[in-house]
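Chain identifiers are assigned alphabetically (A, B, ...) following the order of the sequence lines, protein sequences preceding nucleic acid strands; residue numbering begins at 1 within each chain. Just so we're clear, the structure is a prediction, and the values are computed from it rather than from any experiment.
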Number of protein chains: 2
Amino acid sequence: MVKKRAGLVEALKEAGFRMTPQRTAICEALSTRFDHPTAQSLYEQVKAEYSSLSLTTVYQTLDTLLRIGAITSLGSAGDDTIHFEVNTDPHINLACLTCHRICDLNSTAIKALEAEVQQAIGSKVLSGRVVYYSECLEQSDPLDCQFNPASRHKEGRVDE
Amino acid sequence: MVKKRAGLVEALKEAGFRMTPQRTAICEALSTRFDHPTAQSLYEQVKAEYSSLSLTTVYQTLDTLLRIGAITSLGSAGDDTIHFEVNTDPHINLACLTCHRICDLNSTAIKALEAEVQQAIGSKVLSGRVVYYSECLEQSDPLDCQFNPASRHKEGRVDE
DNA sequence: TGCAAATATGTAATGATTACTAAGAAGGAA
DNA sequence: TTCCTTCTTAGTAATCATTACATATTTGCA
Ligand SMILES: [Mn+2]
Ligand SMILES: [Mn+2]
Ligand SMILES: [Zn+2]
Ligand SMILES: [Zn+2]
């Protein structure tokens, strides 16, 4: 059973943005994805039941969500494409350089890390990005992306 | 007085790559930069005393250094451009979304963080990326990029 | 010195993202 | 409900960092 996050639509409303079926669908898709999707990936998913959807709209919605701080950007996972972060809890991200999926890893040390950053620069931290790159098990379900040491992908290149 | 790192040229030699004046100059430039430069930035710096240098050569050399693991990629600092990491010690990076420079921040918690990652996925971590975004003081010397809470840039957008 | 393989350069291509604009929809006022 | 203003969408074109390619040059070694 898949948990589901909430709050993206609410965040848009609170920030005074209008609600459209496109935005609702994109937020809905985002809230059920745990692989840190790209714009293209979200586009394909939502377009399936919203054939008129434009890729531009996806980019615009993501940009809006970024600006209000509802999501953040994790950058590339070896595919030169931006992956988006919906999980606002401090955590570690594990990116697979072969299948280009990113999984969350709970961490206790990350709290201390953020404390160090706060201490160093004050309270104006806008966002953070903690990603480690490796090779995961190849599994179809993002939730099973366990990054188990056994039987990884063959090789990968670390480029942005 | 500015410290200077060493080892990039040696790393290339050990990996069996040929040495050229271009590569030497690019490695030299990299080892004296503490702002996590971009390809374009390195190009401009080295081109000043190497007028025949090509931007492609800079990209190729950076890619080679990435492949042998001598440097890593930190991704964008709000400028949609790849910034490179020369400091191989585990540390936190502070990126300024206005001047797009990245400074190092020593951290003790980062050790625990990496231990968690190792534990979770084994020893095959290829590289890591720990970056926090904010606004720094505007100062010309990268080493003085202190991210002091007082008098920051006005505003910044968090996009990749 | 001579040669094969690696590298540098200049240019063209790629591709993700952004800019632009006309058409369409949301939401408040009447 | 209807109207109107403003925001949003969708389609297309433009941007620009990065990569691919083809040639000329250089390196490292015999
Ligand atoms: Mn995450
Ligand atoms: Mn650094
Ligand atoms: Zn994988
Ligand atoms: Zn700054």
Side-chain angles (χ1 to χ4, degrees), chain A residues 8-9 12-27 29 36-44 46-47 49-68 71-84 100 157-160, chain B residues 8-27 29 36-44 46-47 49-68 71-84 100 157-160:
Chain A
L8 294 182
V9 170
L12 282 175
K13 279 184 187 164
E14 274 181 35
F17 288 94
R18 291 184 184 170
M19 286 319 301
T20 67
Q22 292 92 334
R23 279 182 176 163
T24 304
I26 292 167
C27 288
H36 306 73
T38 65
Q40 178 70 38
S41 165
L42 282 168
Y43 171 64
E44 287 162 8
V46 178
K47 175 124 185 157
E49 27 199 297
Y50 227 104
S51 59
S52 73
L53 184 72
S54 152
L55 179 57
T56 302
T57 298
V58 176
Y59 274 109
Q60 285 171 339
T61 300
L62 288 169
D63 188 62
T64 300
L65 289 168
L66 280 173
R67 275 204 290 254
I68 67 177
I71 63 175
T72 64
S73 159
L74 284 186
S76 159
D79 52 359
D80 301 326
T81 311
I82 298 173
H83 290 251
F84 295 92
H100 311 308
R157 228 181 79 201
V158 182
D159 44 16
E160 167 74 348
Chain B
L8 294 183
V9 170
E10 289 74 8
L12 282 175
K13 279 184 186 165
E14 273 180 38
F17 288 94
R18 292 183 181 172
M19 286 319 301
T20 67
Q22 292 93 334
R23 278 182 176 166
T24 304
I26 292 167
C27 288
H36 306 72
T38 64
Q40 179 70 37
S41 164
L42 282 168
Y43 170 65
E44 286 162 8
V46 178
K47 175 124 185 159
E49 27 197 295
Y50 227 103
S51 58
S52 74
L53 184 73
S54 154
L55 179 57
T56 302
T57 299
V58 176
Y59 274 108
Q60 285 171 339
T61 300
L62 288 169
D63 187 63
T64 300
L65 288 167
L66 280 173
R67 274 204 291 252
I68 66 177
I71 66 175
T72 65
S73 160
L74 283 186
S76 159
D79 52 358
D80 302 325
T81 311
I82 298 172
H83 290 252
F84 294 92
H100 310 308
R157 226 182 80 202
V158 182
D159 44 15
E160 167 74 348

One should read off an interatomic distance between H36(B) NE2 and I71(B) CD1, to the nearest 0.5 angstrom, of 11.0 Å
Go nucleotide by nucleotide along DNA chain D from the 5' end; which of Q22(B) and A39(B) gets its closest nucleotide reached first? A39(B)
Spacing between L62(A) atom CG and dT8(D) atom P, to the nearest angstrom: 15 Å
Would you indicate, yes or no, if dT9(D) has its OP1 or OP2 atom less than 4.0 angstrom from a side-chain nitrogen or oxygen of S52(A)? no
Hey, what do you get for CE (M19(B)) to CD (E10(B)), rounding to the nearest 0.5 Å? 8.5 Å
Can you say whether a donor on the side chain of R18(A) sits under 3.5 Å from an acceptor on the base of dT6(D), or the other way round? yes
Just how far is it from atom OH of Y43(B) to atom CD1 of I26(B), taken to the nearest 0.5 Å? 11.0 Å
Of the listed nucleotides dG10(C), dA10(D), dT8(D), the one nearest the side chain of S54(B): dG10(C)
Between P on dT18(C) and CG on L66(A), what's the gap in Å once rounded to a whole number? 9 Å
Tightest non-hydrogen contact, residues H83(B) and H100(B), listed as CE1-O, 3.0 Å
Can you tell me which nucleotide in dT7(C), dG27(C), dT9(D) comes closest to the side chain of M19(A)? dG27(C)
Rounded to whole Å, CG of D63(A) lies from P of dT18(C) at a distance of 7 Å
Rounded to whole Å, how long is the line connecting atom OH of Y59(B) with atom P of dA17(D)? 7 Å
Once you round it to whole Å, what is the distance between P of dA5(C) and CD of Q60(B)? 19 Å
Using whole Å, report how far CD1 of I82(A) lies from P of dG15(C). 17 Å
Look at the side chain of D80(A) and decide which nucleotide, out of dT9(C), dT7(C), dT19(D), has an atom nearest to it. dT19(D)
Find the distance between OG1 (T38(A)) and CG (D79(A)) and round it off to the nearest 0.5 Å. 7.0 Å
Is it the case that dT7(C) (base atoms only) and T57(B) (side chain only) share a donor and an acceptor within less than 3.5 Å, ignoring hydrogens and angles? no
So, OP1 or OP2 of dT18(D): does either fall under 4.0 Å of a side-chain N or O from Q40(B)? no
Could you tell me how far apart K47(A) (NZ) and dG11(D) (P) are, to the nearest whole angstrom? 6 Å
Could you state the NZ-C1' distance from K13(A) to dA26(C), rounded to the nearest angstrom? 13 Å
Return yes if the base of dT12(D) and the side-chain atoms of T56(A) contain a donor-acceptor N/O pair under 3.5 Å, otherwise no. yes
